[in-house]
Trainee: 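For reference, the structure I am asking about is given below.
We name chains A, B, ... by the order of the sequence lines, and we start the count at 1 in each one. Just so it is clear, the model here is predicted, and its values are computed rather than measured.
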Amino acid sequence: MSKRIIIVLLGLTILFLPVSLFAITAQEIVREMDAQATFETSYATGSIKTVDRFGTKESTFKAWSRGTTDSLIEFTSIAERGQKILRTKGSLYLFYPDAEELIRMQGAALRQSVLGSDLSYEDMTEEKTTLDDYDVTLDGSETVRGRDCHILILTAKTRQVAYPVQKIWVDKETFLTWKGEYATNHGRLLKKMEVLDTLVIDGRTLPKETRIEDAMKSNSATWMMLDTLEVNIPLESNLFTLENLTW
Amino acid sequence: MKFILQLAVKNLSRYKRRTIITAVAIAVGLMMYIIVDSILRGASLESMRNLRWYETASLRVYAEGYWEDRAFLPLENSIEDPASIMSLVEGEQGVATVRTTFAAEMILYSDDFGENGNMNVKVTAIDPTQDFEVYRFEDTLVEGRFLEPGEMDGLLLGSWFAEDIGAEVGYWVTLLTRGKGGFYEAFDMQIVGIVNCPNPNVNRTLIMMDIAAADTYLGMENSVTSIDILLPEKTDLELAKAAIQAKLPEGLEVFTWKDLAQDYLAIVGAKQGGTGMILFLVFIIAAVGVSNTMLMAMYERMRELGMMRALGMRDRDILLSFLFEAGGIGLIGSVVGIALGSLVNIYLVNTGFDFGFMFRNMDIGFRISSVMRGAWSLSTILKAFSAGIFLSMLVAVLPIRRALKLDIPTCLHHQ
Amino acid sequence: MTIKLPAVAFRNIFRNLRRSILCAVAIAVSAMAIMALLSLLETMETDMATNLTSYYTGEVRIRHAEYEKYERYNPLHLSLDTEAVISVASDVGGVKAATARINFPANLYIDGQNNGAMGVGVDFATEQAFIDFSAIVDEGRIPKPGANELLMGKFLAHDLGLSLGDKVTMLTSTALRGSNAMTFTIVGIASFPVGGLSAKTVYIPIDRAQYLLRMEGKTQEVLLLTEDGYRERDVAQAVETALEEYLSLETETRAWKDLNMMYSFLSIAKFIYYVMGAIFFVLGSTVIINTTMMVIYERIREIGTLGALGMQGKELTRLFLLEGTFISIAGSTLGTLVGVLIVFILSKTGINFTEAMSGVDMEISSILFPRVNWFTALYVWIYAIIISSLSTLIPSRKASKIQIVEALRYV
């Protein structure tokens, strides 16, 4: 689910279809989740808060997105003011106000973390859908935060995914993923994700506050919060271009 | 002629004391010269040796694309069929071993280390049986034991690194990394041994594990990130590099240790100059010693020389006989000097003088070994040898010729 | 037999001038060579020490108290208030100069590739006391404060294919744990006497570094130079106390010799030099001993004669010892003076130490100027006299024990 969280950050909301009341398969659940693929467009503002050995760091941002492929983040907090991250046509570009050229992130450089958080640039560029990468099985239900959830176990099909094993709790009604545990092949817990607060827009329920915790290191966690979210709004056609980035 | 030679030889044994003292002077001078030269050469070779013995080997084979991204240690650019490459390489007089290097986060726990912590590290996975053929870690173990082939959870640390983090044999850590393809993997490892590597840079960062274990954890499927090759010391690197490159299949690149060393320049370079001056000074002292003793030896024989002239020997023959004698002393001195010098050099070159005791608690970031080693130089030995003989003869000539110019009675009365 | 030994000794020396001269020359040459060597070694050592204190640590270094603990994470946020610290530190007795520096790992982004380098933010004005930038700048000039300009090491520029006037974007992490990038123009290329610096460093004005790293008004470290006559450790102590007192600030303030990482390198070099020196001394002593022994043996007959005349045993020994001492003094003085002269000449012309870097085709030529150190000269002078005088002792004693009859037999 971590990929999905990022897409949310990029301002994507979940399109939610009515669910059949009959027994639903794991694949269908995931498809529903993934069907929250994209809004046509979105605009959001929010913040990321990171806690590590040196204390807390908070950054605020504005984010636009279009489909699954284009997104633009602009940081508004003082420490990063004016810095932008553009994702388009499968590449990632960074803009810094004091640099006279764009920095293109590719290859192994994408594994670096964004602002020291538990997210990496790589997380932001993933395009494939969940079922392409994972085999899914349904493993019962459990209540999370008072909501009845399916428990799904996702096992990676290839080595090309970061988290070989995922266990997620998906709301039976809203198909929101409330909780996620990400582990290695041997079941070693790597990260934990939890949605702490939600908002409803366009008939869909989306995470408003999410926490990701690094299970291997103590005192390392990241919070993501959406303050505002608008969807399917008209966006300028050249918003996701390099030229616009440098403007 | 034969007579003159015999005379010279007999004189050598007649004036044993003089012969010995003079020869000793020559011997000591030469020995010192050889030793000093050896130390200076050794010192200047040291940092390069340290690099090759513990960090870079002579040559390295990488897959295409690895070098550009080497800062990230990309497992994706790996060598697929190392076994076949190894056999290609070994034909070129080198010894080779496989290695896989990867970046990881090492996670420490308070039970062993007192407090939780994590740090970014570089882990080197080696083949415990073959690695010692290429790198010289064999003599460096200070605690615990070496890795065993196939050992899944053993780690070897450099002693400074261990000291830095407060690690001891038996402690457990967790390595968190991305395998080949990008999947996260975490595995618990126990420190089984600590090595004290003379290369401080390696000593501060070294973490080793078994390559078969790494292969399993990282999903390498028998591929490795590099093949490290050791060539005999005097090999022409560029030639060897070209030869091997020609034999390799597409998609592999060969790098010499100099290419690899570009990233590793010493932070504070030792001045290379000045060695010439030092050697020159040694030579001067040695030359004076030889000249002095030879001169005195010759002057002592002034009366004998007068006697020989009085008896009718030709000036030229007298000169020759003394010359041979001087040459003989020079020869003896040179031989002894070279022999002694070489003996000391054997020790210096192979064992070296370890002054590590001075620096136990110090933290150095450079490629200086705590062992001072020497270096062989045939040219130096030959130079010293010929200088010893030549100088002795030269210095003997002057007083003899002077004496030959004096009239005989003066010679005979010489004190 | 009451004779004045010193007078006899003196006359003996001149009686056989050739012999005395040979002996004195041996001593002189040894003394001179040793003097030259020690000066050479001292020069190299001083040079290294200067490099360390100029380019790396100053003579006293002030950092945030917790910096060392987290050093591996490059904690720029553990910084010092530049003005306050410099002002307090400069007022402490014994402090000659102060400068602020920020060292940060940077990536030079060129053609889509990241190239690691070490960025250093410096105040080029206050740095004059520490680094003579104008002397090491090969091409171009020193960056101006307030401008996005940088000074690059020669090897780094060569490796990256950059030259004067080129622009390069530097990417780094900031003190606020974010990242930032800025484009700089290369206005100067410098050859540092330390090869590694030429290969990896980039110097920018400190105000730009502070802006880039989001550390306005702050610095990573403050370096101090101490006045002559003050011990660095004392000054460090005083500064640390002053900072605590006036700013209530706990810092890590240490003299450069206590910063193990750098000073230990110097210690290794020193050790090698001592070994060299020892070898020289042994060699020189051997020559001296050899020569004096030869002299004694030469005079076996004379010894016999003297013995027959009644001078034996202790008196004889003393006579030879006196002779030896006089010659030693003469030889040592001559040798030491010549040695001093040589060093003096070299101090004007300089010694060329051209350093070839491994892996690079370029060289950095540097000229070192030795300095005449009278203490060293004194030391060598005394040493030569003692060694040569002592070395007459053994053969003298042996000589004194020779039977008169034996001695007279040596014709």
Trainee: If I take atom CG from residue B:Asn116 and atom CE from residue A:Met216, how far apart are they, to the nearest 0.5 angstrom?
Mentor: 11.0 Å
Trainee: Can you tell which part of B:Asn118 gets under 4.5 Å to a heavy atom of chain A, answering side chain, backbone, both or neither?
Mentor: both
Trainee: Contact part of B:Glu68 toward chain A, heavy-atom cut-off under 4.5 Å: side chain, backbone, both or neither?
Mentor: neither
Trainee: In chain order, what residues pass the salt bridge (Lys or Arg N to Asp or Glu O under 4.0 Å) check against B:Glu151, with sequence neighbours excluded?
Mentor: B:Arg145
Trainee: Sub-4.5 Å heavy-atom contacts with chain A: which residues of residues 174-186 of chain B show up?
Mentor: B:Thr174, B:Leu176, B:Arg178, B:Lys180, B:Gly181, B:Gly182, B:Phe183, B:Tyr184, B:Glu185, B:Ala186
Trainee: Need one label for B:Tyr109: side chain, backbone, both or neither, based on atoms under 4.5 Å from any heavy atom in chain A.
Mentor: side chain
Trainee: Just wondering, are more than 12 heavy atoms of other shown residues or ligands nearer than 6.0 Å to CD1 in A:Ile78?
Mentor: no
Trainee: By a 4.5 Å heavy-atom criterion (distance strictly below it), what part of B:Asp188 contacts chain A: side chain, backbone, both, or neither?
Mentor: both
